[in-house]
Protein chains: 2
Amino acid sequence: MSLQSTDTPVFSCGLDASLRIVGGKWKPLILYFLCGGPSRYGELKRAVAGVSDKMLIQQLKELEAHGMVIRKDYGEIPPRVEYSLSPMGRSLGDALKPLCVWGEQNAGEIAAALRPGS
Amino acid sequence: MSLQSTDTPVFSCGLDASLRIVGGKWKPLILYFLCGGPSRYGELKRAVAGVSDKMLIQQLKELEAHGMVIRKDYGEIPPRVEYSLSPMGRSLGDALKPLCVWGEQNAGEIAAALRPGS
DNA sequence: CTGGATCCTATAAGATACTG
DNA sequence: CAGTATCTTATAGGATCCAG
């Protein structure tokens, strides 16, 4: 009946909101790696380790659509595309840092906890 | 041929390791809410908002198996169970805090970015 | 109140092959 | 090099009903 509010998403809390952007298996890793500076597609793929072309492209497109990542196509042959973080993407990457540190510090316990099988 | 190393998980980085523990839609929210103090099952379910019994129990069991959450059953009738964080779980919850803050600060932009679809 | 069990669907993710 | 397209599988997640 009205033109407004197609349906603005509502979040239960800040963490919920963040997870809409970085949810999934690959996005945090992509974001965090790009914190180290702009990266070409191939470089990014090697860095993420294990990701398929399909997933990498898909996640990159979503991150770009959400304004976290900037894609720069140099229009050259052979192709040359560079991905970098927007200011907002960078701040999100920074927010991921403590989680990364936690993982490094507790890598041993985590590996042990994971071994018995889930 | 050897007894050791059934297959110790290997992580590509700290963030990767962390995600093995807090990956998924609900675990971060559970962890973070429990940072506010121990909570009974029903209380937790109301707090997480939208989670089903099945998912909540499942995620809680995994978090418990991984040593992040402690389940205390009071053995009463009617049942009374309290969930709390282990020291490690608490440190993980703390590492989630910046992400939560980021979501709060950027809730507006996130909602806007999410609206167009995907 | 705190779950367990079952069934079902949606989405994430992986494999493979192909293209400008 | 940087993707696209298609197919298939795995897992996450949801609905419903049941139980001590």
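Below, chain A is the first sequence line, B the second, and so on; all start at residue 1.
- Using a 4.0 Å heavy-atom cutoff across all strands shown, A:Y74 reaches no nucleic acid atom at all.
- Regarding A:I57, its CD1 atom lies at a distance of 16 Å from the C1' atom of C:dA17, rounded to whole Å.
- When hydrophobic clusters are built by joining Ile, Leu, Val, Met, Phe, Trp and Tyr residues whose side-chain heavy atoms come closer than 4.5 Å, directly or via intermediates, A:I70 is not grouped with A:W26.
- We find that CD of B:E76 is positioned 16 Å from C1' of C:dG3, with the value rounded to whole Å.
- With hydrogens and angles ignored, the 3.5 Å screen pairs a side-chain donor or acceptor of A:S18 with a backbone N or O of B:L99.
- Residue-level contact check: A:K61 touches the backbone only, with heavy atoms under 4.0 Å from sugar-phosphate atoms and none from bases.
- Criterion: ILVMFWY side-chain heavy atoms under 4.5 Å apart, direct or through other members. Under it, A:M68 and A:F11 are part of a common hydrophobic cluster.
- Side-chain nitrogen and oxygen atoms of A:R71 include at least one within less than 4.0 Å of the OP1 or OP2 phosphate oxygen of D:dG3.
- The phosphate of D:dC1 has neither OP1 nor OP2 within less than 4.0 Å of any side-chain N or O from A:R40.
- Rounded to a whole Å, the CZ atom of A:R80 is 13 Å from the C1' atom of D:dA2.
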Please produce a list of atom pairs where a protein N or O lies less than 3.5 Å from an N or O of nucleotides 10-15 of chain D.
residue, atom, partner, partner atom, Å
D:dG13, OP1, B:K25, N, 3.0
D:dG13, N7, B:K54, NZ, 3.2
D:dG13, O6, B:K54, NZ, 2.9
D:dG14, OP1, B:K25, NZ, 3.3
D:dG14, O6, B:K54, NZ, 2.2

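- One finds no side-chain N or O of A:Y83 lying less than 4.0 angstrom from the OP1 or OP2 phosphate oxygen of D:dC1.
- B:Y41 and B:D53 share a side-chain donor-acceptor pair at under 3.5 Å.
- Once rounded to the nearest 0.5 Å, the distance linking CG of B:L63 with CG of B:L34 reads 8.5 Å.
- What separates CD of B:E64 from C1' of C:dT2 is a distance of 14 Å, to the nearest Å.
- The CG atom of A:L92 sits 8.0 Å away from atom CG of B:N106, with the distance rounded to the nearest 0.5 Å.
- A:D73 has its CG atom 10 Å from the P atom of D:dA2, to the nearest Å.
- Ion pairing between B:K27 and B:E62 holds under the 4.0 Å rule for side-chain N and carboxylate O.
- The CD1 atom of B:I77 sits 16 Å away from the P atom of D:dA19 (whole-angstrom rounding).
- Going from atom CG of B:L60 over to atom P of C:dG4 covers 10 Å, rounded to whole Å.
- Comparing atom distances between the A:D53 side chain and each of D:dT4, C:dG3, C:dC1 picks out D:dT4 as nearest.
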